[in-house]
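Let me begin by presenting the structure, written as structure tokens, before commenting on it.
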Amino acid sequence: MQRTDIEAIASLARLDLTPEQLDRFATQFEDILGLFRALDAVDTTDASRAATTERHRSLREDRVAPTLPLGDVLANNPASDATRFLVPKILDDRAS
Amino acid sequence: MSASDWEAVVGVEVHLQLATESKMFCGCPVRFGAPPNTLVCPVCLALPGALPVPNALAIRHAIRVALALGCSIHRESRFDRKNYFYPDLPKGYQISQFDRPFGYDGALELPSTSAFAGHRIRIRRVHLEEDTGKLIHDADPRQSVVDLNRAGTPLVEIVTEPDLRDADEVYDYLRELHLTLSYLGVSDCDLEKGSMRCEPNVSVRRRGATELGTKTEVKNLNSFRHVRDAMRYEVTRQIELIESGGSVVQETRSWNPETGRTAAMRAKEEAHDYRYFPEPDIAPITTSEAELDAIRSELGESPAARRARYLETLGLPSEHADVFLHDPAMAALFDATVAEGADAKAVAPWIVGDLQRERNERAERNASTDVLAIAPASLARLLALVADGTLSTALAREVLTAVLDSGESPDRIVEERDLAQISSADALTPAIEAAIEANPRAVEDIRAGNDKAIGALVGHVMRTTKGKANPALVNQSLRERILGA
Ligand SMILES: [Zn+2]
């Protein structure tokens with residue numbers, strides 16, 4: 001795991017990391033990946049992915065269920081105009 | 001280099017909003033035009049701890065679309081997370097499908113009526129995903145508003161291989177796709193409402209080249225004509241750019257129908273790193289052979305099969321076949337009338353012409369009669385009365401109107417109104433003699449070789465018989481009397 005990989009992932013996650021944090025995360029990611037490499041070494045040719053999850057079909061029928069009252073929907077929202085969420089204008093969206 | 005040294009390479013992504021009652025992963029209603037943020041719950045708001053549960057009907061609809069497009073079906077399909085940040089996406093990821101979509105490796109063939117007849121446009125994949133909310137850019141220059149009613153609405157995405165080369169070919173593909181989808185009953189397929197959205201990926205390359213050029217994706221296209229115009233513009237723009245020494249940037253561009261141009265939206269480079277991974281909250285979806293058979297058996301006749309039946313088996317002219325292909329109610333009446341024994345080529349113009357006119361007239365005066373609800377047996381009987389000479393075409397139209405108004409059978413109306421055509425020469429004799437007596441000039445003219453003069457005499461006979469005389473017979477009898485032939 002390179003420091004540049006961490007920088008890229010951090011930027012996709014909108015995280016500003018200090019140089020010290022970048023170095024520390026690079027080491028920690030390398031440790032985590034090492035654990036997965038150990039798991040990868042196990043022979044799983046006979047085990048399908050589904051075998052690890054519940055076999056029953058957890059689907060729902062197409063039926064309408066109750067929705068949240070508007071007050072609850074907007075309750076934890078830092079900015080709204082009484083019915084809608086307000087967000088900063090998307091500056092790189094030059095179209096429309 | 002000239003434009004003909006270049007070739008366009010286009011693939012198309014279509015998003016189809018499914019006509020379900022509830023959303024893809026929660027029970028919120030799917031409805032257009034509700035007050036903002038009233039159709040939401042903890043799942044589609046992405047509140048912590050809320051878990052998605054897939055809508056079984058949406059899955060059946062997606063498989064139905066895949067089968068109709070000739071796709072193979074992954075018997076074990078899977079949902080994945082597509083990660084990106086945008087204010088209309090509350091979870092910070094969209095639940096979509098990556099390497100196990102419901103359908104893959106299908107094709108749609110362009111119809112015999114297209115200039116590109118027989119072209120097979122390969123379908124790479126048909127997958128299911130959830131829609132985003134709506135981000136609205138109001139007048140405020142610093143803020144946008146978000147309505148999450150649409151968030152979580154089930155969408156089927158249909159992706160072609162880059163098999164299209166021409167703007168008209170793209171147009172024909174979209175029309176045939178729209179027709180095929182509209183037969184499935186899985187969506188209202190309404191472009192203006194955004195139920196069907198088309199996004200072409202456009203690139204160009206020098207003719208003969210095998211590798212693909214850099215592509216741009218065009219959005220904001222709410223009619224097939226816009227797709228065609230935008231593609232033409234984009235191809236020209238890219239060729240000019242390359243020929244003047246520049247290079248195409250991979251980006252999303254927005255079509256502006258007013259200026260007839262595309263403009264860059266957001267550059268894709270980093271936004272395109274979606275870091276897909278399997279959705280851990282949803283088990284893989286397995287579909288049994290029995291379930292697939294059940295969905296297959298509900299598919300019904302495809303537009304392609306119906307077109308072949310009308311044009312090739314029944315020999316209809318393409319303008320009639322086309323009306324039936326796009327009007328299921330008319331097609332149903334047509335099929336039922338043919339099943340009653342009526343001649344297909346004779347029925348078609350009655351439905352496309354006369355019934356359509358009755359339909360329009362009734363719509364104009366706000367009458368509630370559904371003319372297409374006429375009993376197929378009645379329509380078949382009416383045509384039989386024309387075929388055996390009982391009714392002239394003009395009187396048959398009158399009977400048709402009466403059948404629609406009263407719901408009575410054609411035979412009953414012919415009897416009540418005494419409309420049966422006079423088809424015996426003897427019965428016509430008095431009227432023929434009266435016409436000859438009343439029009440000596442016309443008779444002279446006919447004897448002198450002016451054949452057209454017979455019109456006046458035929459008209460006279462039709463008037464005295466109130467239109468019930470068989471015109472062919474009147475013509476023949478008049479000639480026999482006057483010319484002795
Ligand atoms: Zn919901």
Side-chain angles (χ1 to χ4, degrees), chain A residues 1 4-16 29 32-33 36 39 44 47-96, chain B residues 20-22 25-30 35-42 45 47 53-59 76 78 83-87 92 133 135-138 140-148 219-220 252-256 262-267 270 273 275 278 282-286:
Chain A
M1 210 72 186
T4 48
D5 295 327
I6 304 295
E7 271 172 347
I9 295 167
S11 125
L12 286 167
R14 306 291 192 270
L15 293 175
D16 283 324
F29 261 103
I32 293 167
L33 288 172
F36 277 97
L39 283 173
T44 55
S48 90
R49 185 181 171 274
T52 66
T53 57
E54 276 183 274
R55 274 321 303 192
H56 80 273
R57 300 258 309 245
S58 40
L59 302 182
R60 37 176 283 276
E61 285 312 307
D62 180 33
R63 263 196 293 275
V64 166
T67 56
L68 280 180
L70 186 61
D72 290 355
V73 172
L74 300 174
N76 292 328
N77 183 53
S80 76
D81 69 354
T83 63
R84 302 174 299 183
F85 302 94
L86 292 181
V87 295
K89 197 101 172 175
I90 304 300
L91 291 173
D92 60 350
D93 197 348
R94 291 187 298 254
S96 78
Chain B
T20 51
E21 294 291 321
S22 66
F25 299 111
C26 61
C28 290
V30 171
N37 296 308
T38 55
L39 308 178
V40 292
C41 74
L45 275 174
L47 298 189
V53 186
N55 183 330
L57 182 64
I59 290 173
E76 186 179 304
R78 187 168 73 202
N83 300 279
Y84 67 95
F85 283 116
Y86 216 63
L135 187 63
I136 304 144
H137 307 286
D138 274 358
D140 190 325
R142 285 157 301 133
Q143 294 195 301
S144 299
V145 297
V146 183
D147 172 8
L148 293 175
K219 289 188 189 261
N220 190 32
T252 302
R253 298 179 68 85
S254 174
W255 171 248
N256 182 334
T262 64
M265 290 173 78
R266 50 196 135 115
E270 86 165 15
D273 186 356
R275 295 153 293 146
I282 302 174
I285 311 292
T286 52

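Computed over heavy atoms, backbone and side chain alike; hydrogens, waters and symmetry mates excluded. So that the names make sense, note that chain A is the first sequence line, chain B the second, and so on, each numbered from 1.
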Sequence neighbours excluded and cut-off under 3.5 Å, please list the side-chain donor-acceptor pairs for residues 61-72 of chain A, or say none.
from, atom 1, to, atom 2, distance (Å)
A:D62, OD1, B:E21, N, 3.3
A:D62, OD1, B:S22, N, 2.8
A:D62, OD1, B:S22, OG, 2.6
A:D62, OD1, B:N55, ND2, 2.9
A:D62, OD2, B:E21, N, 2.8
A:T67, OG1, B:T38, O, 3.3

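Checked against ring pair (Phe, Tyr, Trp, His ring centres under 6.0 Å), B:F25 has the following partners two or more places apart in sequence or in another chain: B:F79.
Interface check for chain A: of the options B:P36, B:C41, B:A58, the most heavy-atom pairs under 4.5 Å are formed by B:P36. Annotation: maximal heavy-atom pairing with chain A below 4.5 Å, among B:P29, B:G133, B:G92, occurs at B:P29.
Nearest heavy atoms, B:V145 versus A:L86: CG1-CD2, 3.2 Å. Contact record, A:S58 with B:V53: O-CG1, 3.6 Å, taken as the closest heavy-atom pair. Closest approach of A:K89 and B:P141 over heavy atoms only: CD-O, 3.6 Å. Residue A:R60 comes nearest to B:G27 through the heavy atom pair NH2-CA, 3.6 Å, listed as atom of the first residue, atom of the second, then distance.
Looking at heavy atoms from C-beta onward, A:L12 lies out of side-chain contact with B:N83 at the 4.5 angstrom threshold. Taking the side chain as every heavy atom from C-beta outward, B:Q143 and A:D81 never approach each other to under 4.5 Å.
Neither the backbone nor the side chain of B:P35 comes within less than 4.5 Å of any heavy atom of chain A.
Taking CG of B:L148 as the reference point, atom CZ of A:F85 lies at 5.0 Å (rounded to 0.5 Å). Note: A:L59 CG to B:L57 CG = 11.0 Å, rounded to the nearest 0.5 Å.
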